[in-house]
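Report on the following structure.
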Amino acid sequence: AALDLGSECYMSTASFLDPEGQSFRYYFNCQLTQFTLSRLYAQSTYGSPYQDIIRYSWSLNAPGNTCSPLLLNNGRIYVGGDAGCSVTISA
């Protein structure tokens, strides 16, 4: 509630550790013109709660991408990201 995430979002069921040892969950959202994937920290040295920068984004305007029904076929890595990364999103 403190981050005002909205009702159309998905959180990872597992927690992960960032390089500084802070625990976070992945946050996937579909809004206006894009899908986004970022990290959410319930408690962190960055603030509590805290939403990190967008790690990946996918355009809704790309062929085959829609919010309803949720369908994501085409994406791109964020500026400065590691092109060797692979993201798997499953429902």
Side-chain angles (χ1 to χ4, degrees):
L3 291 172
D4 191 26
L5 299 178
S7 60
E8 297 298 323
C9 64
Y10 303 89
M11 300 285 289
S12 64
T13 55
S15 294
F16 304 89
L17 294 178
D18 68 12
E20 289 80 36
Q22 301 290 313
S23 177
F24 69 91
R25 291 182 184 263
Y26 283 106
Y27 167 66
F28 181 75
N29 186 13
C30 186
Q31 59 182 333
L32 299 178
T33 62
Q34 67 181 354
F35 297 96
T36 61
L37 183 70
S38 59
R39 299 183 299 188
L40 289 178
Y41 297 80
Q43 301 290 321
S44 80
T45 57
Y46 315 116
S48 298
Y50 175 75
Q51 182 174 355
D52 198 8
I53 64 169
I54 293 173
R55 296 291 167 169
Y56 297 91
S57 64
W58 299 266
S59 173
L60 281 173
N61 296 327
N65 292 354
T66 64
C67 273
S68 183
L70 183 64
L71 182 60
L72 176 58
N73 287 326
N74 296 295
R76 65 178 168 77
I77 196 165
Y78 74 102
V79 175
D82 178 358
C85 288
S86 175
V87 175
T88 301
I89 300 170
S90 61

- Item | Phe24 and its side chain to side chain contact (heavy atoms under 4.5 Å, CB included) partner, picked from Gln43, Gln51, Arg39 | Arg39
- Contacts of Ser44 meeting side chain to side chain contact (heavy atoms under 4.5 Å, CB included) (sequence neighbours excluded), chain-then-number -> Gln22, Tyr41, Tyr46, Tyr50
- Query: What closest approach, in Å, do Ala42 and Ser48 show between heavy atoms, and which atom pair accounts for it?
  - Reply: O-CB, 3.5 Å
- Any side-chain heavy atom of Tyr26 sitting closer than 4.5 Å to one from Met11? no
- Task: Of all the heavy-atom pairs spanning Ile54 and Ser38, show the shortest one and how long it is.
- Result: CA-CB, 4.0 Å
- Query: From Tyr27 OH over to Leu37 CG, what is the distance, rounded to the nearest 0.5 angstrom?
  - Reply: 10.5 Å
- Item | Sequence neighbours excluded - salt bridge (charged side-chain N to carboxylate O under 4.0 Å, His left out) pairs with any residue from residues 9-37 | none
